[in-house]
Amino acid sequence: MSIDPTLLDDLEWRGLIAHSTDLDALREALAGGSVRFYVGFDPTAPSLHMGNLVQILTAKRLQDAGHTPYALVGGATGMIGDPKESGERTLNSLDTVKEWVERVRRQIEPFLSFEGANAATMVNNYDWTASLSTIDFLRDVGKHFPVNRMLSRDVVRSRLDAGISYTEFSYVLLQSLDFLNLYRDHGVVLQFGGSDQWGNLTGGVELIRRAAGGKAHAFATPLVTKADGTKYGKTEGGALWLDAEMMSPYAFYQFWLNVEDEKVGELLRIFTFLPRAEIEEIEAEHAEKPFLRAGQRALAEHVTTLVHGPEETERIKAASAALFGGGDLATLSAATLGAALREAGSASVDGDEDLPAVVDLLVATGLAKSKGDARRTVAEGGAYLNNARVEDPDHVPGPDDLIDGTWLVLRRGKKNFAGVEVR
RNA sequence: GGCAGGUUGCCCGAGCGGCCAAUGGGAGCGGACUGUAAAUCCGUCGGCUUUGCCUUCGAAGGUUCGAAUCCUUCACCUGCCA
């Protein structure tokens with residue numbers, strides 16, 4: 001595998017380097033051969049999300065450029081909890097963490113290559129941390145961490161009033177130890193992570209210098225936020241999950257398709273592997289005719305393909321075209337409509353009996369979270385049956401409403417579709 | 001262990017015996033305007049067999065015709081002292 005000398009320039013152009021240790025030194029190291037690097041993922045949920053995807057894709061960029069990935073899953077750090085500003089985390093049981101470690105590992109693996117000269121390696125910090133004695137930990141690791149310096153970290157300082165446990169306070173030691181171990185045992189000399197990890201990243205670099213007299217590098221990727229600076233992830237149920245069980249690929253695709261104009265270029269650079277020229281072309285086109293949403297379309301298609309694969313993406317595109325095409329739903333066949341609605345979300349009911357009322361259908365399809373919510377939606381004029389506004393919450397659809405004898409198309413608001421299959 | 005303050009709906013945060021399903025802000029949701037964009041304006045925002053009923057204000061008891069509001073105990077959080 002040859003080394004791509006343009007890697008660092010590309011990362012900078014994409015805006016992927018928000019902070020870094022000595023960039024010139026890193027440039028030199030990357031030019032000198034396949035650099036062993038690592039990036040860690042803590043199992044704080046059953047699935048990774050948008051923020052983690054930045055790291056996964058960045059790892060792939062480095063591997064594609066000839067460098068050697070060590071993907072770390074935090075079986076140990078996940079037991080402790082990285083301090084966050086909003087407050088103390090709830091500790092998860094060992095069993096829960098172990099299960100999440102496995103799920104997270106399986107999510108990462110498809111993105112990396114485990115073959116060839118620069119094959120990736122999966123590691124779990126539980127392996128070298130679980131048996132570590134308290135005495136050794138305090139003498140060998142703790143001795144290198146001045147508490148005054150630890151206290152000055154932003155996250156820690158922000159927690160001094162509300163309180164922070166010794167457990168979370170110590171987190172940085174564990175992550176730093178990971179870097180030191182990977183440096184000693186595998187020759188890993190680079191770590192990157194999200195910008196919120198900056199303190200932990202530099203902690204490791206410094207530990208390597210103090211404990212092993214070594215030189216290591218680190219950089220942080222930017223925090224991806226909405227145009228107004230707030231966090232993404234307020235979509236249904238919270239974060240933008242990569243797991244298809246936790247967020248349907250259709251919803252995932254729709255998320256990217258609905259991104260603000262101002263963010264399209266930035267997101268294309270961070271989340272796609274499209275080359276610079278192509279991205280700039282899309283941006284120019286988008287700037288000229290934003291209403292065509294070419295940027296969002298390219299973004300949604302590429303990211304969904306990366307995460308859920310090309311076949312699924314094609315199905316979603318077809319579904320979106322059918323539902324948002326603006327044509328008359330009645331002209332669609334049951335097969336086409338069914339395929340689209342199954343992507344968007346659907347429920348089925350028994351056709352031998354009277355159909356449920358619209359409010360009940362809204363709840364059954366998940367478009368409304370309760371009957372009260374459903375009634376409210378109808379009262380607000382936000383409920384549609386086959387693209388016609390529903391006025392009466394107790395309205396019962398009849399046989400004539402069935403498209404191609406099978407489907408009812410429900411919609412809440414402008415863009416939330418769901419199907420009801422009558423059989 | 002002592003003293004003080006706190007625990008309210010998704011989040012922040014008012015309420016301090018009846019007018020409280022509970023002020024206000026944010027997020028969310030719907031409508032209008034649009035381009036499945038942003039901004040803006042309006043509405044909505046516990047549940048239900050929905051002009052009324054039910055269950056909520058850390059937990060459990062109690063006082064009262066009536067409690068998120070008063071009392072007791074417990075749990076947890078914060079600060080000061082030991």
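Per chain, numbering begins at 1; letters A, B, ... match sequence-line order.
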Which whole-number value in Å describes the distance from [X] [atom1] to [N] [atom2]?
| X | N | atom1 | atom2 | result |
| --- | --- | --- | --- | --- |
| F291(A) | rA39(B) | CZ | P | 21 Å |
| D261(A) | rA38(B) | CG | P | 8 Å |
| E260(A) | rG35(B) | CD | P | 18 Å |
| R389(A) | rG30(B) | CZ | P | 12 Å |
| Y384(A) | rG30(B) | OH | P | 9 Å |
| K414(A) | rC29(B) | NZ | C1' | 13 Å |
| W256(A) | rA37(B) | CH2 | C1' | 16 Å |
| E266(A) | rA37(B) | CD | C1' | 16 Å |

Using 4.0 Å as the upper bound for N to carboxylate O, is an ion pair formed by [Y] and [X]?
| X | Y | result |
| --- | --- | --- |
| R412(A) | D373(A) | yes |
| K263(A) | E266(A) | yes |
| R27(A) | E12(A) | yes |
| R276(A) | E280(A) | yes |
| R106(A) | D243(A) | no |

Between [N] and [M], how far is it from one [atom1] atom to the other, in whole Å?
| N | M | atom1 | value |
| --- | --- | --- | --- |
| rG6(B) | rC16(B) | P | 14 Å |
| rA21(B) | rG5(B) | C1' | 28 Å |
| rC77(B) | rG31(B) | C1' | 43 Å |
| rC45(B) | rC10(B) | P | 15 Å |
| rU63(B) | rG18(B) | C1' | 16 Å |
| rC12(B) | rU7(B) | C1' | 14 Å |
| rG30(B) | rA39(B) | P | 15 Å |
| rG9(B) | rC20(B) | C1' | 13 Å |

Sub-3.5 Å donor-acceptor pair from the side chain of [X] to the main-chain atoms of [Y], do we have one?
| X | Y | result |
| --- | --- | --- |
| R210(A) | K143(A) | no |
| Q63(A) | N118(A) | yes |
| Q107(A) | L48(A) | yes |

Is the phosphate of rA37(B), meaning OP1 or OP2, less than 4.0 Å from a side-chain N or O of K415(A)? yes
Any side-chain N or O of N416(A) less than 4.0 Å from the OP1 or OP2 oxygen of rC29(B)? no
Residue mapping more 5' on RNA chain B - nearest nucleotide basis, R412(A) or P290(A): R412(A)
Taking the nucleotide of RNA chain B with the nearest heavy atom to each, does G382(A) or I164(A) sit closer to the 5' end? G382(A)
Pairing nucleotide - [N], Watson-Crick or G-U, each distance under 3.5 Å:
| N | value |
| --- | --- |
| rA39(B) | none |
| rA59(B) | rU73(B) |
| rU49(B) | none |
| rA27(B) | none |
| rC3(B) | rG79(B) |
| rC19(B) | none |

Do you know which of R293(A), Q296(A), E281(A) makes side chain to side chain donor-acceptor pair (under 3.5 Å) with H286(A)? Q296(A)
When you get a sec, tell me which of rU49(B), rA38(B), rG35(B) is the closest nucleotide to the side chain of R375(A)? rU49(B)
Between N or O atoms, less than 3.5 Å apart, protein on one side and nucleotides 42-47 of chain B on the other: list the pairs.
{"residue": "rG43(B)", "atom": "N2", "partner": "E380(A)", "partner atom": "OE2", "Å": "3.1"}
{"residue": "rU44(B)", "atom": "O4'", "partner": "E380(A)", "partner atom": "OE2", "Å": "3.2"}
{"residue": "rU44(B)", "atom": "O2'", "partner": "E380(A)", "partner atom": "OE2", "Å": "3.3"}
{"residue": "rG47(B)", "atom": "OP1", "partner": "S370(A)", "partner atom": "OG", "Å": "2.9"}
{"residue": "rG47(B)", "atom": "OP2", "partner": "R376(A)", "partner atom": "NH2", "Å": "3.0"}

